[in-house]
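Proteins come first, then strands; the chains are lettered A, B, ... in the order of their sequence lines, and each starts at number 1.
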Protein chains: 2
Amino acid sequence: MSLPHAILTALLERPSSGLELTRRFDRSIGFFWSATHQQIYRELGRLEQAGLIRPVPQPPSRGQRKEYEVLPAGREALAGWVGEQQDPKPIRDALLLRLRAAAVVGAPGLAAELSRHLELHQRQLDEYREIERRDFPAERAAGENRLQHVVLQAGIQLETFWTEWLAQALAALDEE
Amino acid sequence: MSLPHAILTALLERPSSGLELTRRFDRSIGFFWSATHQQIYRELGRLEQAGLIRPVPQPPSRGQRKEYEVLPAGREALAGWVGEQQDPKPIRDALLLRLRAAAVVGAPGLAAELSRHLELHQRQLDEYREIERRDFPAERAAGENRLQHVVLQAGIQLETFWTEWLAQALAALDEE
DNA sequence: CATTCCATGTAACTCGTTACATGATTAG
DNA sequence: CTAATCATGTAACGAGTTACATGGAATG
């Protein structure tokens with residue numbers, strides 16, 4: 001049950017319409033919780049139904065955009081969720097599965113696929129590093145956005161892991 | 001569409017009944033692709049329907065266990081899947097989301113939760129290391145199970161990342 | 001013979017994905 | 001005026017989860 005809370009967080013950071021949310025779920029928030037516009041509209045409906053958000057009364061009418069804001073009940077629901085106990089999800093990765101399958105049925109073409117993934121992860125890593133340079137310059141490291149920085153670092157370290165591991169895996173595949 | 005291929009891989013490694021598969025999905029295979037017995041039985045039905053596996057003719061009747069084995073068509077389907085292009089899934093992690101939410105609504109109790117996760121990941125890491133020591137002793141590193149070892153190393157490195165990052169996150173949370 | 005465990009399933013639901021629909025605004 | 005794009009949705013499906021059902025085998 002994370003999507004509604006992802007949306008509540010996003011709306012607290014800034015009230016938005018469905019499309020704006022969709023855009024934001026392609027960038028910052030989407031870096032660790034992605035969602036399509038279909039999911040978002042469905043969830044906005046449920047959150048409004050549940051009395052956790054409401055459409056903000058509009059400046060006379062700009063097209064048909066519907067801007068939402070979080071109600072006090074929504075903020076409380078989010079705070080409660082943040083404090084819950086939730087066990088980490090076990091790893092679920094198709095690439096690892098494919099490597100294991102390759103050990104049984106052979107691996108033609110897998111090296112190319114690993115290289116491709118390596119490049120994709122490298123690109124993502126570069127993007128995160130760029131964001132870090134822009135948003136968290138070294139000399140005000142202990143600011144109020146310590147938490148955001150730590151979240152970004154998780155992304156950086158995860159992508160670093162993938163690039164390093166994929167290089168290892170390629171080396172191992174070479175020796176087959 | 002990974003579950004059917006996970007099952008095909010498992011059955012190629014060793015023909016099994018539904019319950020045996022369930023057990024194996026709690027251990028080795030489950031370390032990167034978990035599944036419940038309900039999922040497994042449903043998928044076994046589909047795979048049999050599709051002509052990719054079949055129940056192996058039974059030694060007169062041992063209870064009601066139904067053992068399955070992979071047919072040639074199943075092996076081909078698996079080999080094809082291994083060679084496909086599949087983009088890596090973006091990160092989707094509720095804990096990172098909760099940290100971001102905590103930056104907005106506050107974080108009472110989050111430190112305790114991070115510590116708890118740290119301990120869980122540490123335990124998982126220890127388990128992987130134990131498996132590595134048992135199944136991949138140093139001096140025959142270049143054997144035929146190079147690929148299995150590389151998969152296990154992914155698990156080890158991922159858990160290592162989490163333990164290190166959680167320590168950082170706890171430190172950051174402390175300074176709030 | 002009652003209970004527990006083994007073994008295989010059904011049913012109902014939620015979440016995420018893919019394909020499609022519809023009306024309003026803007027650009028050429 | 002037409003086409004593109006903005007913005008909000010609906011519908012159908014598949015994968016995963018949770019709760020429950022059923023019957024045989026083994027144990028006291």
*When all nucleic acid strands are considered with a 4.0 Å heavy-atom cut-off, which category describes B:S17: base, sugar-phosphate, or nothing?*
sugar-phosphate

*For DNA chain C, which residues in residues 85-95 of chain B have a heavy atom at a distance below 4.0 Å?*
B:R92

*Does anything in residues 68-83 of chain B pair up under salt bridge (Lys or Arg N to Asp or Glu O under 4.0 Å), and if so which pairs, sequence neighbours excluded?*
B:R54-B:E69

*Determine which pairs satisfy salt bridge (Lys or Arg N to Asp or Glu O under 4.0 Å) with at least one residue from residues 34-52 of chain B, sequence neighbours left out, and list them in order.*
B:E43-B:R46

*Please list, chain by chain and in numerical order, all residues satisfying side chain to side chain donor-acceptor pair (under 3.5 Å) with B:D126, sequence neighbours excluded.*
B:Q122

*Among residues 73-84 of chain A, which contact DNA chain D at a heavy-atom distance under 4.0 Å?*
none

*Under 4.0 Å from any atom of DNA chain D, heavy atoms only: list the residues of residues 20-51 of chain A that qualify, in numerical order.*
A:H37, A:Q38, A:Y41

Which atom pairs, donor and acceptor, lie under 3.5 Å between side-chain atoms of residues 17-24 of chain A and protein residues at least two apart or in another chain?
from	atom 1	to	atom 2	distance (Å)
A:S17	OG	A:E20	N	3.3
A:E20	OE1	A:S17	N	3.1
A:E20	OE2	A:R65	NH2	2.7
A:T22	OG1	A:G18	O	2.9
A:R24	NH1	A:A10	O	3.0
A:R24	NH1	A:R14	O	3.1
A:R24	NH1	A:S16	OG	3.0
A:R24	NH2	A:A10	O	3.0
A:R24	NH2	A:E13	OE1	3.3

*Does B:R133 have any salt bridge (Lys or Arg N to Asp or Glu O under 4.0 Å) partners at least two apart in sequence or in another chain, and if so, which?*
B:E130

*Report the residues that fulfil salt bridge (Lys or Arg N to Asp or Glu O under 4.0 Å) with B:E159, sequence neighbours left out, ordered by chain and then residue number.*
none

[X] [atom1] to [N] [atom2], straight-line distance once rounded to whole Å:
X: A:Y68; N: D:dA7; atom1: OH; atom2: C1'; answer: 12 Å
X: A:L19; N: C:dA24; atom1: CG; atom2: C1'; answer: 13 Å
X: B:M1; N: D:dG16; atom1: CE; atom2: C1'; answer: 15 Å

Please list, one pair per line, the donor and acceptor atoms closer than 3.5 Å that link side chains of residues 87-97 of chain A to other protein atoms, with sequence neighbours excluded.
from	atom 1	to	atom 2	distance (Å)
A:D87	OD1	B:R116	NH1	2.8
A:D87	OD1	B:R116	NH2	3.2
A:R92	NH2	B:S34	O	2.5
A:D93	OD1	A:L95	N	2.9
A:D93	OD1	A:L96	N	3.0

*Can you tell me which residue pairs pass the ring pair (Phe, Tyr, Trp, His ring centres under 6.0 Å) test with a partner in residues 77-134 of chain B, sequence neighbours excluded?*
B:H5-B:W81, B:F31-B:Y128, B:H121-B:W162

*Quick one: side-chain contact (heavy atoms from CB on, under 4.5 Å) partners of B:A102, sequence neighbours excluded?*
A:V82, A:L147, B:A107, B:L110

*Could you tell me whether the side chain of B:Q148 and the main chain of A:A103 form a donor-acceptor pair under 3.5 Å?*
no

